[in-house]
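Throughout, numbering of the chain's residues begins at 1 and tracks the sequence.
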Amino acid sequence: MTRSTHTRRFILGAGAAGVFWPSAALPAPAQPRQSEGGIGGTGIVGILTEFGSLIVAGRRVATDDLTKYSDGYGEITASDIAIGDSLTVEAGGPTDRLTARRVHVTHPLVGEITAIANGGRELTILGTTVKLARPNRLVQMGQRVAVSGLWRGNAVEASGLTPARDARDLVSGTVDRAGFATTVSGVRVSGTGIQQLEDEGFGSVVGRYDPNTGLMRSQRAVTARFTGAAGPLKRLAIEGYLEQTRAAPGYRVAGLGHSFARNIDLSPYAQGRTLFLGDYTGLFAAREALGLPEDPAARAQILGAFAR
């Protein structure tokens with residue numbers, strides 16, 4: 001078995017050349033969560049790499065007057081969206097003519113920079129390590145920033161920093177309710193709305209983080225990454241890093257909050273950044289994978305070409 005190069009796309013299904021995953025038929029998927037829906041639109045999660053249309057996670061998505069824009073604090077406008085933003089997009093239409101109904105900036109973290117290391121390329125925000133590919137002018141002790149990027153375990157590979165537009169802190173990622181504590185991608189949370197967060201599901205918590213206790217006191221918690229804005233989900237395109245999980249198939253995309261179909265062998269993709277594509281029927285039945293480089297410019301070039 002060989003590994004993919006960054007310029008090759010691999011079809012992960014029965015009969016395809018270069019198949020890395022089992023060709024056996026996937027099991028009948030579980031029913032989708034009520035808040036997520038079952039059949040309909042396309043859900044896209046990744047970093048915005050180009051405008052013109054939005055290019056996110058290797059998908060070209062048009063916008064129109066009906067497209068709604070938001071972040072973890074409420075409504076924003078199209079002009080607030082920037083290259084490098086970590087987006088959750090819900091789009092309707094065929095895959096070659098997608099139109100966004102909802103564009104949500106899903107910041108993994110919003111909070112104060114409390115430590116700086118590695119020449120300004122490694123930060124601590126809400127007790128969490130944030131890694132930057134290049135220096136950023138906002139890197140100053142005490143500066144409040146909104147972090148875009150992808151979770152890699154309980155650290156964030158940042159794609160951008162912007163000034164925080166709200167005085168409250170925020171964490172968005174995968175919920176873990178093992179033991180007595182509840183965490184969102186490693187950040188301990190308690191307070192309003194925390195009881196509704198599902199173990200291994202998605203959670204976004206707005207509140208106040210206490211660096212002395214390492215606890216985020218929630219003022220509001222959201223449990224659904226996708227809202228049904230383009231109809232119930234039918235397909236997913238997800239850019240991210242895998243992390244190990246207790247449930248089969250043994251891996252999930254860090255911070256996503258959705259599970260893969262149970263009999264997929266994800267181990268060849270455990271170490272690197274990957275774009276996964278496939279159907280969503282309550283579980284993510286990924287059929288294609290594209291390995292991505294860490295260099296932002298090289299990655300943007302590949303994803304731009306992939307979207308055309």
Interatomic distance, [X] atom [atom1] to [Y] atom [atom2] [nearest 0.5 angstrom]:
| X | Y | atom1 | atom2 | result |
| --- | --- | --- | --- | --- |
| L292 | Y269 | CG | OH | 11.5 Å |
| L275 | I302 | CG | CD1 | 11.0 Å |
| I81 | L54 | CD1 | CG | 7.5 Å |
| L123 | I113 | CG | CD1 | 5.0 Å |
| D210 | L126 | CG | CG | 11.5 Å |
| T182 | M216 | OG1 | CE | 13.5 Å |

I need the minimum non-hydrogen distance between [X] and [Y], along with the two atoms involved.
| X | Y | answer |
| --- | --- | --- |
| S185 | G255 | OG-CA, 4.2 Å |
| A289 | T274 | CB-CG2, 4.0 Å |
| A261 | A285 | CB-CA, 4.2 Å |
| G72 | L170 | CA-CD1, 3.7 Å |
| S53 | R60 | CB-CG, 3.6 Å |
| P108 | G149 | CG-O, 3.5 Å |

Grouping I, L, V, M, F, W and Y whenever their side-chain heavy atoms are under 4.5 Å apart, do [X] and [Y] come out in a common cluster?
| X | Y | answer |
| --- | --- | --- |
| V139 | V130 | yes |
| W151 | V253 | no |
| I44 | F226 | no |

With S70 via side chain to side chain donor-acceptor pair (under 3.5 Å) - residues at least two apart: H104
Side chain to side chain donor-acceptor pair (under 3.5 Å) partners of E75, counting only residues at least two apart: none
Residue R97 excluded, over 12 heavy atoms near CZ under 6.0 Å: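 No - once you tally the heavy atoms of other residues, nucleotides and ligands closer than 6.0 Å, there are 12 at most.
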Worked verdict on V147 versus V110 for side chain to side chain contact (heavy atoms under 4.5 Å, CB included): CA-CA 6 Å; V147 179; V110 179; over 6 Å; no
Given side chains that start at C-beta, do those of [X] and [Y] come closer than 4.5 Å, heavy atoms only?
| X | Y | result |
| --- | --- | --- |
| L256 | V45 | yes |
| L236 | L277 | no |
| I76 | V105 | yes |
| L150 | V156 | no |
| T77 | Y69 | no |
| F51 | I83 | yes |
| L161 | L132 | yes |

Backbone N or O of [Y] within a donor-acceptor pair of the [X] side chain at under 3.5 Å?
| X | Y | answer |
| --- | --- | --- |
| D64 | L66 | yes |
| S159 | G84 | yes |
| T67 | A100 | yes |
| D85 | L87 | no |
| R217 | S190 | no |
| S218 | R220 | yes |
| N118 | R121 | no |
| R168 | Q219 | no |
| R101 | K68 | no |
| S148 | H107 | no |

Chi angles and distances behind the side-chain hydrogen bond (donor to acceptor under 3.5 Å, both in side chains) call for T106, S172: CA-CA 7 Å; T106 309; S172 298; over 6 Å; no
Of R102, R235, R225, K234, the residue whose pairing with E90 passes salt bridge (charged side-chain N to carboxylate O under 4.0 Å, His left out):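 Option passing the salt bridge (charged side-chain N to carboxylate O under 4.0 Å, His left out) with E90: R102.
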Ring centre gap for H258 and F202 strictly below 6.0 Å: no
Evaluation steps, side-chain hydrogen bond (donor to acceptor under 3.5 Å, both in side chains), between D265 and S267: CA-CA 6 Å; D265 179 11; S267 57; 2.6 Å; yes
Salt-bridge present (R165, D80; N to O < 4.0 Å):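 So R165 does not pair with D80 through a salt bridge.
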Sidechain N-carboxylate O distance under 4.0 Å for R144, E112: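 So R144 does not pair with E112 through a salt bridge.
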Member of D169, I125, T114 meeting the side chain to side chain contact (heavy atoms under 4.5 Å, CB included) criterion with Y209: D169
Steps toward salt bridge (charged side-chain N to carboxylate O under 4.0 Å, His left out) verdict (E122, K131): CA-CA 5 Å; E122 188 168 302; K131 297 180 179 180; 5.1 Å; no
Intermediate values then yes/no, side-chain hydrogen bond (donor to acceptor under 3.5 Å, both in side chains), R137 and Q143: CA-CA 11 Å; R137 61 179 178 79; Q143 174 73 42; over 6 Å; no
Plane angle bin for F260 and F284 - parallel if under 30°, tilted between 30 and 60°, otherwise perpendicular: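 Ring orientation of F284 relative to F260: parallel.
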Verdict with supporting geometry, L197 and V184, side chain to side chain contact (heavy atoms under 4.5 Å, CB included): CA-CA 9 Å; L197 298 179; V184 176; 4.3 Å; yes
Check against side chain to side chain contact (heavy atoms under 4.5 Å, CB included), V56 and L303: CA-CA 8 Å; V56 184; L303 290 171; over 6 Å; no
Anything under 3.5 Å between a donor and an acceptor, one on a side chain of residues 238-251, the other on a protein residue two or more places apart or in another chain? List them.
| residue | atom | partner | partner atom | Å |
| --- | --- | --- | --- | --- |
| E239 | OE1 | I47 | N | 3.2 |
| E239 | OE2 | R273 | NE | 2.8 |
| E239 | OE2 | R273 | NH2 | 3.0 |
| Y241 | OH | R273 | NH1 | 3.1 |
| Y241 | OH | E294 | OE1 | 2.7 |
| Y241 | OH | E294 | OE2 | 3.0 |
| E243 | OE2 | R252 | NE | 2.8 |
| E243 | OE2 | R252 | NH2 | 3.2 |
| T245 | OG1 | E200 | OE1 | 3.3 |
| T245 | OG1 | E200 | OE2 | 2.9 |
| R246 | NH2 | D199 | OD2 | 2.8 |

Step-by-step side chain to side chain contact (heavy atoms under 4.5 Å, CB included) determination, F276 to I264: CA-CA 12 Å; F276 295 101; I264 297 175; over 6 Å; no
